[in-house]
Every structure is written in C-alpha cells, then in structure tokens.
Amino acid sequence: MKTYSNQYIQEIPLSSPFFHAKVERFLGANGLRMEALDSYYTIENEDGSILAGAGLREDVIKCVAVAPEARSEGFTTPLVSHIIAVAASRGITCLKVFTKLENTGIFESLGFRILAQAPQAVLMENGRGLEQYCDYLKSHRRPGKSGVVVMNANPFTLGHRYLLEEALKQVDVLYVIPVKEDISLFSYASRKAMIEAGAPEGAVVVEGSAYQISAATFPTYFIKDLSDASPNQMRLDLDLFARHIAPALGVGVRFVGSEPSDPLTARYNALMREVLPLDVVEIPRMEIPEIGVVSASRVREALCAGSFSGARTMCPRGTWPYLLGELAHRALRIELETPCKPGLVCPESSGSHRDMDFDLMNRALSALKAFWPRIAQASSTNALQQLGLEAEKAMLVATGGVNTHRGAIFAVGIVLYAFARVLQTSESEEVEKIRPCKTKGETFDKSLIINEIRKTARTMSRDAVCHREGVCSAREMAEGGYKLLFEDWLLQYKSYVNSQDDGLQKTLLCIMSVLDDTCVLKRVGAERAAQVKQEAQMLLDHFTEEGLKELCERYSTEGISPGGSADMLALTIFTQSIIN
C-alpha cells in the first residue's frame with residue numbers, strides 16, 4: 001500500500017473552468033455531485049491528481065471526498081481542520097456539514113454532533129446554532145392546539161394566504177416559518193415582510209433558519225432537481241424538523257399546499273406524510289375564476305413578462321409594493337442588458353465611459369434592488385426623498401463612488417411612488433382605470449398616475465433635487481407629468497418592441513431625438529448636443545444595424561454618453577410594465 005507523505009493543503013481556483021472541471025471529475029469519481037461552493041481545498045498527489053478534497057459554502061462544509069487509494073491516509077481530518085480555521089477567519093464559528101454516514105466518526109472527533117440523519121446522509125454541526133434557534137422558537141410558543149407551515153412565498157400570493165386561512169380553521173395557533181435561503185427572486189427579508197403583511201390574524205410568523213429547507217438540509221430543492229440525492233436530502237430535512245423544530249414549537253400538525261405540477265415538491269409532501277411523527281394535512285390549491293390555480297411561479301412569469309396587472313391579481317395588497325419593486329429592477333436591468341446603445345454601457349462595451357463597465361453597473365443595480373419596494377411604501381414625499389438619498393449612497397458604495405444611476409433613482413423612484421400612492425388611495429374600480437382598456441388603440445385612463453406624479457414632484461423639497469447638476473430639468477419633467485413619456489415614448493416603445501428585435505434601441509433613439517439630455521450637454525456642450533438629437537432622428541428614420549454600430553463607435557470615440565436618455569428608456573420600460 002502506497003503511503004503519501006504530502007499533506008499540503010491548497011485552495012483550488014474554482015473560477016477557472018479548468019480547475020472547476022477537475023474538481024467536478026474528482027467528485028464524480030467518488031459518487032458526489034459538484035455543488036455551489038465559495039471555496040474548495042485539496043491535497044494532491046505528485047502528479048497533480050486530487051487525493052482528498054473538501055469545500056465550504058457560507059457556513060456549510062460540502063463535497064468532502066477522498067480517493068479510494070488514499071482513504072487510509074487520514075487526509076479528512078487536516079482538510080476539515082483547515083476549513084474550520086478558514087471559516088473562523090471569516091467570522092463563522094458554527095459550521096454544519098452534510099456528509100456520508102461513514103464520515104460521522106471523523107467529524108465527531110473534530111467536535112461536530114449529529115443534528116439529523118437519513119439512510120445515506122447525515123447533517124452535523126460544531127456549535128450551538130440549532131440549540132439557540134430552538135430556544136428562540138420556544139420563546140414564541142402559545143397555548144392551544146398548534147400547527148405549522150413552512151413556505152418560501154416567492155412571492156406571497158393569495159394562494160399562500162388561502163393556505164394559512166384554511167389551516168387556521170383547524171388549529172388555535174399557526175406558526176409560519178419562511179424559508180431563509182436567500183437565492184429566490186425575492187430576498188428573505190422581502191418574503192418575510194410579505195408574509196407578515198398578508199398573513200391572517202392568528203398566524204405567528206417566526207424567523208426562518210438554515211435548519212429547514214436550506215442549502216444545508218435540502219440543496220436540490222432550490223434547483224427543483226428530483227435526482228438520486230433528493231430523497232436523502234428530503235429525509236434529512238424532515239428528520240431535523242421532527243427531532244428539533246416541531247418539539248420546540250410544540251406543534252402536532254404540519255400543513256402543506258397540494259402540488260399538482262412540481263414533482264420534487266409533490267414527492268416531498270408524500271414523504272412528509274410517510275415519515276413525520278405528526279399529522280400532515282394537505283390543502284388543495286386556491287383557484288380564481290378566469291385565472292385558474294394561483295401559484296407563485298405564475299406571478300413570477302407575469303413579472304418576467306412585465307405585467308403588473310397580471311401579477312397583482314394573484315397577490316394580496318401587501319405584496320404589491322414588492323411586485324412594483326421587482327418591475328423597477330427589471331426595467332433597469334433590461335436597459336443595462338440592451339446591446340448596441342450609442343455611447344452607453346452595454347454587455348459588450350463600456351461605450352464612452354472609462355470609469356464604469358457592465359459589471360460595475362450590475363453591482364449598482366444589486367445595491368438598489370432593496371430600495372424599490374421601500375420607495376413604493378414610502379409614507380410621504382419627505383420619506384421618498386430620504387430613501388432616494390439612501391439609495392444613492394448605497395449605489396456609490398457599491399461602485400466605489402461612481403454615479404451610475406442617480407437620474408434613474410429620481411425618475412423611476414418618483415413614478416414608482418406616485419403609482420403606489422394611486423393604488424393605496426383608490427377604490428378598486430378606480431384602480432382598474434390604470435389597466436389597458438380592451439378598446440381600439442388599447443388606451444387607458446392615464447390621468448390618475450400623471451396627476452399623482454405632478455403632485456409628488458411639486459411637493460418635494462426643491463433644495464433636495466436642485467443642488468446637483470442636471471437634476472433640475474429632471475424635476476421639471478416630473479412636474480409636467482412626464483408628458484413625452486405618456487404621449488410619445490410609451491406608444492413608440494410598444495410599437496417597436498412588439499414588432500421588431502431592435503425595438504429597445506429604436507425606443508432609445510426616439511428618446512434621444514427629443515430629450516435635452518443633460519449628460520450629453522455636460523460632456524460636449526449645447527451645439528453638439530443639438531446635433532446628437534438630429535443624428536438620433538436621422539438614424540431612426542433610416543434605421544440599419546450598420547448605422548447603429550457606426551454611431552456607437554463614433555460616440556464612444558467622441559466621449560458622448562446619453563445617460564439621461566438611458567434613464568428615460570428604463571422609465572419607459574417600467575411605466576409600461578405597471579400599466580400593462
């Protein structure tokens with residue numbers, strides 16, 4: 001038997017396709033699948049082949065494997081000890097590990113204890129994380145017959161509320177545990193807030209944790225993969241719930257919604273009835289006449305299509321600000337991802353910019369995402385202005401001080417706030433006027449939102465928006481109710497996008513041809529800015545892809561960047577989505 005003297009531990013650069021594939025092959029040869037990892041550490045042979053490896057994803061040790069020829073060498077202990085030290089340097093003192101049963105003894109010797117187990121897997125932890133969470137749950141216990149619902153609520157829909165209402169008919173107290181894993185369309189904070197806003201009286205919403213439907217207990221849930229690994233993960237998740245979560249809350253029944261379409265969730269529900277030592281009650285899905293079965297996936301599809309009306313019909317009012325926030329984020333993302341924009345940052349080019357690129361702009365959008373639903377819920381124009389300043393600060397932190405979206409924060413923010421105010425203050429029949437009418441021309445009563453935009457802009461503190469160059473004209477456009485937006489750009493956008501692949505670029509050119517773009521004025525002056533408007537109109541009148549590419553190259557060389565027009569393109573996309 002060969003003895004390996006080398007126990008040098010190295011980190012594998014997973015960002016490299018070559019090394020990523022190398023780890024994937026090693027894990028596959030040892031009966032494991034490659035999973036999402038922050039880092040991976042190996043001990044290798046002289047020829048570069050991996051003898052042993054282990055990875056870390058946040059606070060979970062994953063993908064621990066040793067090649068058959070090296071399993072008597074004791075490589076697992078130094079590897080895991082190294083990862084414990086790495087995690088500690090990152091401030092993580094309580095680690096979990098999802099591993100095979102045969103590795104239990106090794107991890108116990110390193111201070112881990114078993115939390116839950118399945119026929120071919122075990123979940124262990126080396127701290128008091130689960131114990132502390134169960135103490136927290138015990139502090140929320142209430143007297144009476146109690147049940148529990150675990151939900152992702154991505155987003156919270158009328159179907160989720162129906163599930164809770166039906167469950168409450170059968171118990172005195174209903175605990176609701178939001179899935180905490182933060183890899184859904186809506187963040188954990190947003191999902192929990194939606195549940196709290198929409199849950200019926202009698203439902204107790206508690207904090208979620210990494211101990212229920214998480215990357216530690218049930219990683220394939222989040223990729224909806226009914227693979228060979230899934231049954232073990234399901235059993236592990238349910239065993240942890242039965243051993244710890246249910247006793248901590250003192251619940252005797254777990255409620256679930258029926259699942260007619262997702263095989264993974266349907267199997268999880270069936271296994272729940274099979275293995276849990278408490279009652280499992282399945283409640284049929286809610287259906288709405290003319291809409292059908294209500295589901296979060298259908299809401300997400302409506303949002304992806306840019307239809308607020310399609311999404312909101314399946315959601316309670318408490319969810320609406322989050323739908324609007326997602327549509328604002330979507331509009332800014334679509335603008336950024338649109339290729340061939342003269343002088344502007346695109347996926348393939350930084351345009352005329354030397355201080356920003358596509359990745360930087362994306363970081364800014366990520367930093368701004370959490371602010372849009374907060375803006376939709378702002379209680380006053382003073383609160384709106386404060387949120388705008390906070391959003392701007394978050395953007396600058398994310399970009400290292402580069403102004404990427406200041407104009408968009410103002411324009412999209414004011415329309416978002418105004419529309420949300422209309423929804424909050426109007427009766428249902430008035431709200432319906434905002435939706436497109438099924439009449440010739442698909443017109444809608446736009447006066448409600450236009451009036452609210454004007455009122456909002458006129459009641460905002462002038463000092464708060466005038467001290468920055470260029471924002472004053474943006475203020476004047478808002479005070480005028482974005483006349484060009486409603487009378488021209490929306491119509492052109494709908495016409496272009498519905499009929500042509502280059503509709504977004506043509507909408508941008510349409511905006512550029514009439515907008516007094518302060519970004520252009522600042523860079524090249526009034527005379528050249530007037531020529532830019534003429535050039536945009538000429539290209540729009542005689543559009544060719546070659547002409548668009550030539551304009552992109554020329555503006556990049558000249559340093560011309562129609563950033564204000566880009567903001568208005570995003571505003572057009574957003575406005576169309578909220579009236580659609």
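A donor-acceptor pair under 3.5 Å is absent between the side-chain atoms of Ser184 and the main chain of Phe186, judged by distance alone. Looking at Gln212, its side chain never comes within 3.5 Å of a backbone N or O of Gly208 through a donor-acceptor pair. Side chain of Thr319 to backbone of Phe156: a donor-acceptor contact under 3.5 angstrom is found. At distances below 3.5 Å, not a single donor-acceptor pair connects side-chain atoms of Asp488 with backbone N or O atoms of Leu484. At distances below 3.5 Å, at least one donor-acceptor pair connects side-chain atoms of Thr313 with backbone N or O atoms of Gly310. A donor-acceptor contact shorter than 3.5 Å links the side chain of Thr157 to the backbone of His160. Arg312 places no side-chain N or O within 3.5 Å of a backbone atom of Leu323 that could act as its donor or acceptor partner. Side chain of Arg285 to backbone of Ser295: no donor-acceptor contact under 3.5 angstrom is found. In this structure, Arg421 contributes its side chain and Thr456 its backbone to no donor-acceptor pair below 3.5 Å.
Looking only at side-chain heavy atoms (C-beta outward), Lys506 and Leu540 come within less than 4.5 Å of each other. Using a 4.5 Å heavy-atom threshold, the side chains of Ile195 and Lys192 count as separate. No side-chain heavy atom of Phe410 sits under 4.5 Å from any side-chain heavy atom of Asp567. A 4.5 Å side-chain heavy-atom check between Leu324 and Phe308 finds at least one atom pair inside the cut-off. Put simply, the side chain of Ile449 reaches to within 4.5 Å of the side chain of Phe486, judged on heavy atoms. Counting heavy atoms from C-beta on, the side chains of Ile288 and Glu290 never come closer than 4.5 Å. Asn362 has its side chain within reach of Phe358: a pair of non-hydrogen atoms, C-beta onward, lies under 4.5 Å apart. In this structure, Glu535 and Pro342 have side chains that are not in contact, with every pair of non-hydrogen atoms separated by 4.5 Å or more.
A salt bridge is absent between Lys549 and Glu546; no separation between the charged side-chain nitrogens and carboxylate oxygens falls under 4.0 Å. Ion pairing between a basic and an acidic side chain is recognised when a charged N comes within 4.0 Å of a carboxylate O; Arg406 and Glu392 show such pairing.
A pairwise comparison of heavy atoms in His405 and Leu332 identifies CD2-CD2, 4.1 Å as the closest pair. Cys315 approaches Pro155 most closely through the heavy-atom pair SG-CG, 4.5 Å. Of all non-hydrogen atoms in Ser561 and Ser352, the two that sit nearest each other are CB-OG, 3.3 Å. What you find for Arg330 and Ile573 is that their closest heavy atoms are NH1-CG2, 3.9 Å. Between Ala197 and Gly318 the shortest heavy-atom distance is CB-CA, 4.0 Å. When all heavy atoms of Ile12 and Phe19 are compared, the closest pair comes out as CG2-CB, 3.6 Å.
Shown here is Glu527, whose CD atom has no more than 12 heavy atoms of other residues, nucleotides or ligands within 6.0 Å. Heavy-atom contacts from other residues, nucleotides or ligands closer than 6.0 Å to NZ of Lys455 number 12 or fewer.
Under 3.5 Å, the side chains of Asn154 and Arg191 contain no donor-acceptor pair of N or O atoms. With hydrogens and angles left out, the side-chain atoms of Gln386 and Asn382 include no donor and acceptor closer than 3.5 Å.
To the nearest 0.5 Å, the span separating CG on Leu504 from CD1 on Ile334 amounts to 7.0 Å. Here the straight-line distance linking atom CG of Leu491 with atom CD of Gln576 works out to 9.0 Å at 0.5 Å rounding. Between the CD atom of Glu326 and the CG atom of Leu185 there is a distance of 4.0 Å, given to the nearest 0.5 Å. From Lys180, atom NZ reaches atom OG of Ser187 across 12.0 Å, with rounding to the nearest 0.5 Å. The distance from atom CD of Gln505 to atom CE of Met512, rounded to the nearest 0.5 Å, is 12.0 Å. Gln492 CD to Ser513 OG: the interatomic distance, rounded to the nearest 0.5 Å, is 9.0 Å.
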Handout entry: side-chain contact (heavy atoms from CB on, under 4.5 Å) evaluation trace for Arg57 with Glu35
Key = CA-CA 9 Å; Arg57 174 68 170 178; Glu35 294 186 14; over 6 Å; no

Exercise for the section: Would you sort out whether Lys533 and Asp517 count as a salt bridge (charged side-chain N to carboxylate O under 4.0 Å, His left out), showing the intermediate values? Expected result: CA-CA 9 Å; Lys533 292 166 73 172; Asp517 196 318; over 6 Å; no

Exercise for the section: In sequence, state the C-alpha distance, the side-chain angles, and the governing distance for Met34 and Val23, and then conclude on side-chain contact (heavy atoms from CB on, under 4.5 Å). Expected result: CA-CA 8 Å; Met34 185 73 172; Val23 172; 3.7 Å; yes

Practice task
Run the numbers on Met477 and Met568 for side-chain contact (heavy atoms from CB on, under 4.5 Å), then give the verdict.
Solution key: CA-CA 11 Å; Met477 288 182 66; Met568 292 301 103; 3.8 Å; yes

Exercise for the section: Apply side-chain hydrogen bond (donor to acceptor under 3.5 Å, both in side chains) to the pair Tyr188 and Glu207, showing each step before the final yes or no. Expected result: CA-CA 10 Å; Tyr188 167 70; Glu207 291 287 346; 2.5 Å; yes

Practice task
Evaluate the criterion side-chain contact (heavy atoms from CB on, under 4.5 Å) for residue pair Phe543 and Leu509; output intermediate values, then yes/no.
Solution key: CA-CA 10 Å; Phe543 184 84; Leu509 291 171; 4.0 Å; yes

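Within the structure, the side-chain hydrogen bond (donor to acceptor under 3.5 Å, both in side chains) test picks out the following pairs touching residues 332-347 (sequence neighbours left out): Glu335-Lys341.
Checking each of Thr404, Leu360, Leu336, Asp359 against Val345 for a side-chain contact (heavy atoms from CB on, under 4.5 Å) leaves exactly one that passes, namely Leu336.
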